[in-house]
Amino acid sequence: MSLAQVHYTSAAPGDEGTAGRFTAVGPGVSGALLAEIEPLLRHELPDGVPDQPSDGELRSLPQAFTYAALSDGSRLVSRSAPVRATGGGVGPGVRFHAHAVHLPPGVPLPGDRLPVEAWRSPHWVAVTPGGAIPDPLTLPPGPTAVSEGLDDFAVSRGPWLAAVLADLRRASEPTESGGRPVVLVERQCADVARWLGLASVTLPRESAERLTFTTYTRRPGSSAARVVGVLPEDAEAARAAGLRVHVCAGQPPSAGSTDDAWAATAARVWRSRSPELFREARELPGEPFAAGPLAVTALCAGIALGPDERAAAAGWAADRPYALDAKRTGQLVEALTSPGIDDRTGPEFDSAGRLFGALEGRCPAAVTAPLAAMLVTEAVRGGNGSLELPRRDAFVGPEGAAVAERLAPEILTELSDTAGTRSVARTVQLLRVARLLGVDGTDALPGVVDRLAPALLAEAAADGGTDTPDFAPALLELLDEQFEVRTALLGALDRIAPQAPGAVARFLERVTLPFTGTQALPHLRMCAEVPGAMATLGGDRAAVWHRVLRAAGLSPFAEPLVLRTAVGLVWEDRAPTVEEARLLLDAATSDSHRVAGTWARLVDAALGAPAAEPSATGTPAGPSAASPDEAAALAHDLLRGFPGEIGGRERAGLLLLDLVRELRTGAPEPGWAETVRTLCAQAEPVEPALRERAHAALVERLLAPDRPGAELYDFVHGDDTELIAAYDRTARTETVRTRLRTQPAYAADCFTVWTAHPHAGRTWPPVAAALLDEVLRPAVRAMSAEDVAEVEATVGRTGSSGRAEAFRTWNRSSTLGRLGRRIAGRVRRG
């Protein structure tokens, strides 16, 4: 069909206020469309155009070749070119003429060509024709001018290729609004057309058709095209408008200007002068702009690519191992494993590993052997611990022998190195590669495992997480593959567990090791049992301890170290209570506790026992809570059971507790107060509860009616502030007050004691005077006359007549004081 053509030219002299006028309009182009088309055809010349340009200068002025989409779904292809004026116009000697072709909606270009192919059509005219002219979109058969020289142009624009192609791809997407065009800065607008020619070859047909453009404009910010060309002097205005600008007529950009693997691959294809590969790549399955198909095609054609592009090729082929024939599969593997490549990255090796896994079994070993060799070489020399290693049968034959011969010394040297710090992933990888290549590491294995076991715990603790550590999958594969490594490593962890049971238990919660076989592994079994026991039994630590100990499958009498592991698991960050310590002590002999070292936990329990002992469940003490006497009894048993192990401040503290026991239940050696002071000094820093308990036991005994007088004398004259303060507190308790009110003999004894040493240091006299006035006097007031007489008589019998008179005087002053206060009150009321 014949397409409507439109001609538009600069305003004629006398047409002030207009930029131009339509000089010819083909049929079917409405007035509304003309109003939309007119701004697309206007042509603004660059600054500095001479008044009377020469023919060469006129030809060098920019031409605007435009492809636009109109609001009714139709399209417009046009060329606006400067022409020499015959009088008046835009400039003194230059006008412009626009020639356009209108494409109705749904009508393709003649010959199913792309718009950019009409760029150099010989049918574009610079004057309004007098009669019919050929349609400029009807191009002559054969190669069009746009494809000529594109290879040379692409090579000349090598530094910009990847970034520009990436932006042109994005501009061609269906969702691209076209309101923010990509700006190409070139000195010649023909070079902008060449960029569009590159895009028409590189992009899929439907994408290229969406790419509206103009090769020249002075106002890129207001253009509706997706791609616009500007001269260098207008580049700054484009940047100021916030557009994506590529200055292709200046200093080349730095390398790595895009992270678009598809665009980077397309750029390498163009620089290799192989545009036919774009068509081949589009025949492969995958998304239109996935880098994989194009990268595979390029590699198979012998084009060198970067690491990201090689990774994309390997990943695509791994997902579609059936998409390539045997020839191209071999070409791809050969390209990926080329010895000349020295910039491989971790993601590339990971993709290569996936490709090997996909091809293994599908292709002959001769095809996949280079991949296997590359992967294991990287695993050893590159330290890539995340690689998926091939199976052992991948190295059957001379290829495997060559790789093993080359890598075996390096593997054994690194595994035997005790000086450096090696990560768990690295050690696991080396052990797996050693087995894969048949390297005999029997002699090095014990040392390797002894270093690997603590490293497992350290790395798992260092990451501070609760999820499975990164090295766990490879570790479990190693243990599944190599029985001797599994046996040795589990044995090493079992030996570590008594020293760090909590760390081992936390590790086993995150990594489920396979120790369900015939190995005893009592400590590992205990560590694995404790989380379930804690969850089931809650805070009943005694019950948890029994369950964990049963999981060992060994008696503490036969293997004392299970005691240490069990205690460390249940009481890792705390001391047992006295009740729990008694349970532990009775569960095994002192020899077992001595070998296990758990006697120290029992000492901590005794010394740290609070005044009100909590129950075994950790709740506040009730009627069944351990009494202070139980802690003292535990201390007595510990001193007998571990005389050679307990020393220093711990021994002094236990002796202090043992003295408490004797003060309350027996007859300790003389010199009680001095012994308490000495042992407290030796036990520094003594626990506050222990000091309080010792002081309380001492003063309770000194306040007893049957205390030896010599001990009381030593106490009073020792002038110990803390001990006397404890005595004062105990004397004011309700127990002592009740005894004073109900036992005249006890009241008489306390009167004698509290008045017998008026000059015994500085601390005692005021305390004794206060006790007489504030404790004893209220008790005597509450007595009957008969009881008061008995107190007076007892004071006289145990002391002297002068002491009895002193009591009468003391008691009379109290009575007179009461009587005087009553009289004074009556006088005030009167």
Side-chain angles (χ1 to χ4, degrees), residues 494-505 522-523 526-527 530 541-552 554-610 613-614 616 618 626-662 679-680 682-687 689-691 693-694:
D494 194 65
R495 291 190 295 274
I496 290 175
Q499 283 72 43
V504 175
H523 305 285
M526 296 167 75
C527 292
V530 71
R541 294 192 293 266
V544 172
W545 182 78
H546 278 299
R547 178 167 161 181
V548 169
L549 199 59
R550 285 196 302 271
L554 292 176
S555 165
F557 299 98
E559 176 50 74
L561 284 182
V562 298
L563 275 176
R564 178 189 296 181
T565 303
V567 170
L569 288 170
V570 180
W571 292 280
E572 180 181 12
D573 56 352
R574 65 181 70 86
T577 64
V578 171
E579 281 184 340
E580 293 165 350
R582 173 59 65 185
L583 170 71
L584 295 175
L585 185 61
D586 295 341
T589 63
S590 59
D591 287 339
S592 297
H593 283 290
R594 188 175 293 109
V595 173
T598 46
W599 59 268
R601 292 296 192 100
L602 309 181
V603 171
D604 293 340
L607 296 180
E613 185 75 6
S627 69
D629 287 339
E630 290 177 328
L634 176 63
H636 178 73
D637 292 343
L638 292 175
L639 288 169
R640 285 193 312 166
F642 309 102
E645 286 72 30
I646 303 175
R649 62 171 297 273
E650 288 80 10
R651 183 172 185 82
L654 292 180
L655 287 172
L656 197 58
L657 273 175
D658 196 39
L659 178 61
V660 170
R661 181 186 64 83
E662 292 184 342
L679 291 176
C680 280
Q682 293 174 353
E684 288 291 347
V686 65
E687 289 79 359
L690 175 57
R691 186 190 300 274
R693 182 174 292 156

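Residue numbers count from 1 along this sequence. Nothing here was measured: the structure is a model prediction, and the numbers come from that model. Any value given below was found using the heavy atoms of this structure, including those in side chains, with hydrogens, waters and symmetry copies removed.
Residues Ala633 and Arg661 approach most closely at CA-CD, 4.2 Å, considering heavy atoms. The two atoms that bring Ala694 and Val660 nearest to each other are CA-CG2, 3.6 Å, heavy atoms only. Between Ala606 and Leu634, the shortest heavy-atom distance links the atoms CB-CD2, 3.9 Å. When all heavy atoms of Val578 and Ala609 are compared, the pair lying nearest together is CG2-CB, 3.4 Å. Residue Ala505 comes nearest to Cys527 through the heavy atom pair CB-O, 3.7 Å, listed as atom of the first residue, atom of the second, then distance. Between Leu549 and Met526, the shortest heavy-atom distance links the atoms CD1-CE, 4.2 Å.
Annotation: side chain of Arg601 is not in contact with side chain of Leu584 (no heavy-atom distance under 4.5 Å). Proximity of Pro556 to His593: side-chain heavy atoms (C-beta onward) are nowhere separated by under 4.5 Å.
Using the six-membered ring where Trp is involved, Trp571 and Trp545 have ring planes that are tilted, between 30° and 60° apart.
Looking at Glu580 and Arg541, a side-chain N of the basic residue comes within less than 4.0 Å of a carboxylate O on the acidic one, giving a salt bridge. Between Arg594 and Asp591 there is a salt bridge, since a side-chain N of the basic residue sits under 4.0 Å from a carboxylate O of the acidic one.
Here CG of Leu639 is found 5.0 Å from CG of Leu655. Values are rounded to the nearest 0.5 Å. Rounding to the nearest 0.5 angstrom, the gap separating the CZ atom in Arg582 from the CG atom in Leu602 is 9.5 Å. The distance from atom CG of Asp604 to atom OG1 of Thr598, rounded to the nearest 0.5 Å, is 11.5 Å.
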Query - From CA spacing to verdict: side chain to side chain contact (heavy atoms under 4.5 Å, CB included), Leu656, Gln682 - result: CA-CA 10 Å; Leu656 197 58; Gln682 293 174 353; over 6 Å; no
Report task. Would you sort out whether Phe642 and Ser590 count as a side chain to side chain contact (heavy atoms under 4.5 Å, CB included), showing the intermediate values? Result -> CA-CA 7 Å; Phe642 309 102; Ser590 59; 3.8 Å; yes
Requested in this report: Start with the C-alpha gap between Arg651 and Leu654, add the side-chain angles, then the distance that decides, and say whether side chain to side chain contact (heavy atoms under 4.5 Å, CB included) holds.
Outcome: CA-CA 5 Å; Arg651 183 172 185 82; Leu654 292 180; 5.8 Å; no
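Proximity of a side-chain donor or acceptor of Asp494 to a complementary backbone N or O of His523 within less than 3.5 Å is detected.
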Distance-only donor-acceptor pairs under 3.5 Å for side chains of residues 557-564, two or more places apart:
residue : atom : partner : partner atom : Å
Glu559  : OE2  : Leu561  : N            : 3.1
Arg564  : NE   : Ala596  : O            : 2.7
Arg564  : NH2  : Ala596  : O            : 3.2

